[in-house]
Amino acid sequence: MRPGHTTLATLIAFAWLGCSPAAEPPAEDAGAQMLAAAETIDGAELRRHVAVLSDDTMQGRGPASEGDVATRRYLSEQMASLGLEPGGPDGSWEQPFDIVGVEAQVPREWSFLGGRKGLVLRWWDEFIAASGVQQERAALERAEVVFVGYGIVAPEYDWDDFKDVDLSGKVLLMLNNDPDWDRGLFEGDRRLYYGRWTYKYESAAARGAAGAIIIHTTPSAGYGWQVVQSGWSGTQFELPAEGEPRTQIEAWITEDAATRLARLAGHDLAELTAAARSRDFRPVPFDVTTSLELSNTIERVETANVAGLLRGSDPELAGEAVVLTAHHDHLGIGDPDDDGDDVYNGALDNASGCAQVLAIARAFATLPEPPRRSLLFLFVAAEEQGLLGSAYYARHPTFPPGRIAANVNLDGGNIWGRTTDLTFIGYGKSSLDAVVEAAAARQGRTLKGDQFPDRGFFYRSDQFNFAKIGVPAIYLDTGTEFRDRPPNWGREQIEAWEAEHYHQPSDELTDDWEFSGMVEDARLAFECAYAVAQAEEPPSWKPGDEFEAARREALAALPTLGG
């Protein structure tokens, strides 16, 4: 290690590496430089970026829209002004990729027939449906409905909801979330990927099902029905199909609608749900058939990830990178609210994350010398459509996965003030724990794991796609214990915001936003990224973690540095 590199941040890194910095040169000057760089992150800068990115002129930053293009231009111009290098392929600021937009014309009614009785569900109020295929027509034709419990196959938990039942051509009715009543089973109330809607639809498709219906409840989803309505209406974007299994129809229905559907089949939904809580559960045919036809408009368009690079100062470790991410998209123009507002501005989600990454990039740019490893500031596209931009980057990374030391992801921000605690989504999964613990301790804050574990946040943002290719990840989120506020005040504010503004036109920058907490969180993220960039060895997943094997594979695929 060259002289001048033992900063406070590297001391943080030594903590989790179990190394002693005693033989290193004094750290006072370098540590002061690092802290001075962190202090450049301020609320005025964050507010300025949020104001631009969430302005109505950005049209809600919908993928492939004019607002999307304007957003990408703004991000690249800001990074260029900091003196960063283009971080995309071929010396570009952007990593373009195609997405397929599918806009389905959904019938206003969906009929189910059981014997001589029928049931009709109303679109929007009782069901939301989307096409599972990138074709002009998606259809169910007298397909039988089968209740399949949670729709999960998890060999490590000796769990198989499908058993040996042939479900080809069926419509699978599924409970949301995963089993959560036993901490020894699916990690209790911490939602795993098995509980995500993406897994449910993938699981149904893998069994040849014609359609899949998820039963929505607010507790099981972690958000209200209005989020399903806004997120699943209008044009839905995906990466181009590559021959993977797909269902024709992907749908949600309300709990009340599911109750009536079960009753049509002669069953009680509560009893079915209770039966699904057992490993012995087997799929329950409903003897109910349904038909539904969607007429789709298919459009292949282009969006892009935006990337800026600060090249590392170490001749060897500059070939490795710490990747800081924030998604730059939101929902675009959609159905108007009661006030007639149809712009889904996405100020908190996720102009605030973009603002933090830009501010962190500027902090790094002010350092007299860059850290040892390179820093890639990556603003990914189409996160709201299913983490598409980070998925594309994971398939086409600009650094080999084994040379991405860590991912630091910022999705949202604290707009209520300073907290005495900090939420680390994924706490307990990797050696990054000690890095974040030390940085939080320096700020006098208590580090906590996911404070809403039932909502599966680790699998709902872009760090998940980095983890899938083996990259240890930090996903920081707002604490809940606010200074000078009564107990539970913070949790109440967060839950109220999610209930009223999440994925709604009302997610806008307002005068009452308090940026002091966001500033503190961004400074902490900067220090953590710096610590990893300076450390002698990169982070690792803890033994037995679900992503440990992917990391081993990524490292095994590498030649030696310089090779």
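These numbers come from a predicted model, not from an experiment.
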ask   = Quick one: salt bridge (Lys or Arg N to Asp or Glu O under 4.0 Å) partners of E271, sequence neighbours excluded?
value =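 So E271 forms no salt bridge (Lys or Arg N to Asp or Glu O under 4.0 Å) with any residue.
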
Any side-chain donor-acceptor pair under 3.5 Å between [X] and [Y]?
{"X": "E384", "Y": "Y344", "result": "no"}
{"X": "D349", "Y": "H327", "result": "yes"}
{"X": "S168", "Y": "D166", "result": "yes"}

message = I need the single residue from W197, W123, W225, F237 that forms a ring-ring contact (aromatic ring centres under 6.0 Å, His included) with W232. Which is it?
response =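 That would be W197; it is the only one of W197, W123, W225, F237 passing the ring-ring contact (aromatic ring centres under 6.0 Å, His included) with W232.
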
query = Just one of W159, Y459, Y150, Y199 clears the ring-ring contact (aromatic ring centres under 6.0 Å, His included) bar with Y194, so which one?
reply =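 Output: one option passes, namely Y199.
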
Indicate the ring-plane relationship of [X] and [Y], choosing parallel, tilted or perpendicular according to the 30° and 60° boundaries.
{"X": "W416", "Y": "F482", "answer": "perpendicular"}
{"X": "W110", "Y": "F127", "answer": "perpendicular"}
{"X": "F286", "Y": "F147", "answer": "parallel"}

Checking [X] side chain against [Y] main chain: does a donor-acceptor pair fall under 3.5 Å?
{"X": "N465", "Y": "A394", "result": "no"}
{"X": "R122", "Y": "E126", "result": "no"}
{"X": "Q463", "Y": "F458", "result": "yes"}
{"X": "N177", "Y": "G195", "result": "no"}
{"X": "R491", "Y": "W489", "result": "no"}

query = Checking side-chain contact (heavy atoms from CB on, under 4.5 Å) against L140, which of I249, T289, V145, T247 comes through?
reply =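 In the set I249, T289, V145, T247, the residue that makes a side-chain contact (heavy atoms from CB on, under 4.5 Å) with L140 is I249.
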
ask   = Which value, rounded to the nearest 0.5 Å, describes the distance between L121 atom CG and T254 atom OG1?
value =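 The OG1 atom of T254 is 7.5 Å from CG of L121, to the nearest 0.5 Å.
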
request  = Could you grab the distance from atom CG of L119 to atom NZ of K117, nearest 0.5 Å is fine?
outcome  =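 The NZ atom of K117 is 11.5 Å from CG of L119, to the nearest 0.5 Å.
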
Non-hydrogen atoms of [X] and [Y] that approach each other most closely:
{"X": "S131", "Y": "N296", "result": "OG-ND2, 3.0 Å"}
{"X": "A241", "Y": "R246", "result": "CB-NE, 3.8 Å"}
{"X": "A381", "Y": "T303", "result": "CB-OG1, 3.5 Å"}

Hey, are [X] and [Y] close enough for a salt bridge, meaning a charged N less than 4.0 Å from a carboxylate O?
{"X": "E383", "Y": "R61", "answer": "no"}
{"X": "K200", "Y": "E202", "answer": "no"}
{"X": "E141", "Y": "R137", "answer": "yes"}
{"X": "E320", "Y": "R403", "answer": "no"}
{"X": "K163", "Y": "D280", "answer": "no"}
{"X": "R445", "Y": "D521", "answer": "yes"}

Close side-chain approach of [X] to [Y], heavy-atom, < 4.5 Å:
{"X": "D335", "Y": "S233", "result": "yes"}
{"X": "Q134", "Y": "E238", "result": "yes"}
{"X": "P240", "Y": "R300", "result": "yes"}
{"X": "Y475", "Y": "L410", "result": "no"}

inquiry  = For D337, I'd like to know if atom CG has over 12 heavy atoms of other residues, nucleotides or ligands within 6.0 Å.
reply    =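 Enclosed: over 12 neighbouring heavy atoms sit under 6.0 Å from CG of D337.
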
query = Cation over ring, K429 on Y427, under 6.0 Å and within 45°?
reply =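 Judged by the rule, K429 and Y427 form no cation-pi pair.
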
